[in-house]
Amino acid sequence: MQRALRLAQRGLYGTDPNPRVGCVLVRNEKIVGEGWHQKAGEPHAEILALKQAGDEAKGATAYVTLEPCSHTGKTPPCADALVKAGVGRVIVAMQDPNPQVAGDGLKRLQANGIEIESGLMEAQARALNPGFIKRMETGLPYVRVKLAMSLDGRTAMASGESQWITGEAARHDVQLLRARSSAVLTGIGTVLSDDPSMNVRLSAEELNVDEVRQPLRIVLDSGLRFPARAKIAEVEGDVLVMTTSENDVDNAATLPENDGHVDLKAALKYLAEKEINEVHVEAGAILSGAFLQQQLVDEIVVYMAPHIMGDEARGLFALPGLSKMKDRISLDIQDVRMLGKDLRITAKPEYI
């Protein structure tokens, strides 16, 4: 199963909106076939492993990181392929949260005389697909907020200058986060002040994929102030402007309003309906703070640079109403590591 998980990891930048899945076929204590899902619409991990194994798949044990599908989508059911190949045993890390499968794949295997087991290394399997799992279980995408700050918690100088707080290694890491995401989201304030591209600027070779998949770029823009020549609209990939204003713009969606702004939960529900799994937020303190205060953030990634920017510089989150210790938002730190001279802190809000 460890090998299957490592294979699934290779699909990190290519499978969206499908989950990352790996499969290893073992017969007589020898690996006879393996594969991983590489791109939506292409063969699933089990099909690739069966193709590699050929006749040796008969009687083999299949280790799969996610329950084999039992429905016909862009590809036929993997459960049927395993039955047809004569596999003797299937061990899955976790049941598929997709309501179209949700145990049916395992039942189909069992009904055809195949021994099944579920739950081996489930935590590791879930960690591979946080967005897909959350979308299937809650109808909302997984929201990751990325921030860069100085040692004293500042994100920009009082003048607004913010490039570059962190070093090259941290900026490269941000590119990897963008590349794995279904969408990169920001606010109109960031677009107007910084004119960012918000795209993935790594090569296919760097990502170990055949083709770089650009995530959908989203701008929250209640008043529809989006400039026609913004860089975010001029680079490769699709752009979606979310607004509360009635409009007939091709790449804009009118959504419910909350206190004069786009309703964030409604926006996330809309994105989930469009099969958006992971939303990567790169925004200013106000929008980042609003996501956090409304308990819509699943993960915070902070890059901390070793310098001081002073008390007149801009802060990390705008969180009005936090005046007493009881009001503070607790975080569960998941990971801390050095990237060049910078420190990366990954944390989950404890309301999760």
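All residue numbers refer to positions in the sequence shown, counting from 1.
Using a 4.5 Å heavy-atom cutoff, the side chains of L7 and C23 are not in contact. For the pair D173/Y303, a side-chain contact is recorded, criterion being any heavy-atom separation below 4.5 Å from C-beta on. Annotation: side chain of D238 is not in contact with side chain of N251 (no heavy-atom distance under 4.5 Å). Side-chain contact between L264 and L220 is present, with at least one heavy-atom pair separated by less than 4.5 Å. When side chains are defined from C-beta on, F317 counts as touching I300, because their heavy atoms get closer than 4.5 Å. Considering only heavy atoms from C-beta on, D335 comes within 4.5 Å of R344 through its side chain. For the pair I188/P227, a side-chain contact is recorded, criterion being any heavy-atom separation below 4.5 Å from C-beta on. In this structure, the side chains of N112 and L82 stay at 4.5 Å or more apart for every pair of heavy atoms.
Look at K134 and E299 and you find no salt bridge, because none of the NZ, NE, NH1 or NH2 atoms lies under 4.0 Å from a carboxylate O. The residues E34 and R10 are annotated as not salt-bridged, no charged nitrogen and carboxylate oxygen being separated by less than 4.0 angstrom. Using a cutoff of 4.0 Å between basic side-chain nitrogens and carboxylate oxygens, R178 and E282 are scored as salt-bridged. The pair R89-E117 counts as a salt bridge, with a side-chain nitrogen and a carboxylate oxygen less than 4.0 angstrom apart.
What you find for M121 and L5 is that their closest heavy atoms are CE-CD1, 3.7 Å. Taking all atoms of both residues into account, the shortest heavy-atom contact from S197 to K231 is OG-CB, 3.9 Å.
Using a 3.5 Å distance cut-off with no hydrogens or angles, the side chains of S245 and N247 do not pair a donor with an acceptor. With no hydrogens or angles considered, a side-chain donor-acceptor pair links S182 and D16 at under 3.5 Å.
Residue D55 places its CG atom among 12 or fewer non-hydrogen atoms of other residues, nucleotides or ligands, all under 6.0 Å distant.
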